[in-house]
Every structure is written in structure tokens, then in C-alpha cells.
Amino acid sequence: GRPYGRCAEESDPPAFARSRRGRARPGHRHQRARGLSGYRGIRCGAVPRSTLADANERRDWRIFADLAQVLIADARRLYADEPWGVELGRTVYALDATVIDLCLQLFPWAHFRSTKAGIKAHTLLDLRGNIPVFVWITDANTEDMSILDQLLPEPGSIYVLDRGYVDFERLYRLHQGRATFVIRARKNLRFRRRYSHAVDRDSGLICDQTILLSGSKTKQLYPEPLRR
């Protein structure tokens, strides 16, 4: 591609977030449609796709990470008072991962299976506004639970996880960080009941118990009580 000039660098960075609560328009199409003519007094043509690809390869990724944090903070302020069906005074996050299939010929470095390539996107959503506050890209074969090593627990917050994140050593670190987690237990979980709390079965709850893990390894990895 052609050299990446300053006129392209100073294109409008929040093109993806311009409509805020509306549908975001892809930045590349946005730039090509209007070009960059007259933007901040700079006159130049539309930015070719290959030029953007070269720039993304050569630019330090932390530039984009810092910009993303600014946009995330802006979006969270917009949704701070929006109701979402649950009356909680705490931030609730949902963590999940998905595999993005890629063409093996175009992305040989992302080898996943014998005939295909892929990467895995691990995403942490702030459920008030469904705002992605953390995204980590890994090889497609990376175990979901390993991404817990990259998270810094936010004290007082709640993390909703699926069964793929059952790793009691990592979950105990969340607990030690003064965060709460809600996760589906595996069917072979070994535990002993310490106390049963009263529940209203009309609410959909089957039971509410305080338990201690009793497996030879799990009781060492997570030595404190859990709610089931």
C-alpha cells in the first residue's frame, strides 16, 4: 500500500461510535464515502483499504487500546442511569468467548483445524448497556478459563460465567479480589452442605445452600464456603 500520511492518521477515530446509541457505521466505508476532504483543514482523498491494513500492522496496538478505553468510558456514562430489569447497586459483567472462523489460505498463522483457521475472542460485557469493556484475542484452541488470568477483579462487581470457566483456583482469585461470581456447577461437583436457606420456590429457585467443596483438590483450591 501507499505510505500512511498524516492526513489519513487524523481521520475521525470515533467513526464506529459516532451514532452512540444508534447503529455504528464501519469506519472504512465512512472514510471512503466522504474522503477526508476538508477535515480539520486538511485536503486529501479517500484512504485505500491496503493503506489502512499497512497502518494497522505498523502502528503500536496500545494507541488503539487507549482510544477504546476513552470510548468505553464515554459509553458507560451514557448508560449509567438506564434500567436493565434488575435492581442492583453493583456492576454486573458477563464473560464469554467465541471462535471466529478464518480462511486457512489467508490466515495460515491462525491454524485451528486441518482445513480451517480461527481465532477466539474473549469478551467481558458490562450488562448495563451491553458494553464490551474487555476483549482479548487468542488462538482458537485456548481454553476459556485461562482468560481469567488476564482479568483484574473489580471489587464489589458481579461476574456471570458459564461452565467453561469452572477452575476453582482462578475463581478463588476473583473472590480474594472482593468480586462475586455466578457460575453453573458441573454435574460431578463434590461438596457437603453446611446450611440450607429458606427459598420461595415460586420465584424459580430450587434451593439456596451454603456449601463447602469436598474434593481432594478442589477443597484446597477453594477453601471457603460457596452459595449453591
query: With clusters built from Ile, Leu, Val, Met, Phe, Trp and Tyr whose side-chain heavy atoms come within less than 4.5 Å, directly or transitively, what are the remaining members of the cluster of I100, listed by chain and number?
result: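 Reading the cluster by chain and number, I100 sits alongside L102, L106, F107, W109, I119, V135, I137.
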Electrostatic pair R62-D60, nearest N-O below 4.0 angstrom: yes
Find the distance between [atom1] ([X]) and [atom2] ([Y]) and round it off to the nearest 0.5 Å.
X    : Y    : atom1 : atom2 : value
T142 : D139 : OG1   : CG    : 5.0 Å
R128 : R76  : CZ    : CZ    : 10.5 Å
S214 : K219 : OG    : NZ    : 7.5 Å
F191 : R228 : CZ    : CZ    : 3.5 Å
S146 : H122 : OG    : NE2   : 5.5 Å
I211 : L213 : CD1   : CG    : 5.5 Å

- prompt: Is it true that a side-chain atom of H111 and a backbone atom of R113 form a donor plus acceptor pair closer than 3.5 Å?
  reply: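 The answer is yes, because a donor-acceptor pair under 3.5 Å joins these two groups.
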If you draw a 6.0 Å radius around [atom1] in [X], do more than 12 non-hydrogen atoms from other residues or ligands fall strictly inside?
X    : atom1 : answer
L152 : CG    : no
R90  : CZ    : yes
Q150 : CD    : yes
R163 : CZ    : yes
D81  : CG    : no

Validation row: [X], [Y] side chains within 4.5 angstrom (heavy atoms):
X    : Y    : value
L95  : T123 : no
I147 : K120 : no
R190 : T218 : no
L171 : I183 : yes
Y165 : L148 : yes
Y93  : L127 : no
F64  : R59  : yes
D126 : T91  : yes

Membership question, hydrophobic clusters at under 4.5 Å side-chain separation (ILVMFWY): are [Y] and [X] in the same one?
X    : Y    : result
I131 : L78  : yes
L221 : Y172 : yes
L151 : M145 : no
L161 : V166 : yes
Y222 : L212 : no

- request: State which residues pass salt bridge (charged side-chain N to carboxylate O under 4.0 Å, His left out) with R227; sequence neighbours excluded, sorted by chain then number.
  value: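 R227 satisfies salt bridge (charged side-chain N to carboxylate O under 4.0 Å, His left out) with D208 once adjacent residues are dropped.
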field: V99 vs F112, side chain to side chain contact (heavy atoms under 4.5 Å, CB included): CA-CA, chis, key distance, verdict
entry: CA-CA 10 Å; V99 172; F112 177 32; 3.8 Å; yes
Can you see which heavy atom on [X] is nearest to which on [Y], and at what distance?
X    : Y    : answer
A97  : D144 : CB-OD1, 3.6 Å
V199 : C207 : CG1-C, 3.9 Å
P225 : T210 : CB-CG2, 3.8 Å
P155 : P153 : CD-O, 3.4 Å

- request: Let me see the working for Y159 and F181 under ring pair (Phe, Tyr, Trp, His ring centres under 6.0 Å), right down to the final yes or no.
  value: CA-CA 5 Å; Y159 293 84; F181 60 87; 9.1 Å; no
message: Filter on salt bridge (Lys or Arg N to Asp or Glu O under 4.0 Å), then keep only pairs touching residues 148-162, sequence neighbours left out; what's left?
response: D149-R170, D149-R173
task: Go through H175 and E224 one step at a time and tell me if the side-chain hydrogen bond (donor to acceptor under 3.5 Å, both in side chains) criterion holds.
output: CA-CA 10 Å; H175 172 70; E224 296 190 36; 3.0 Å; yes
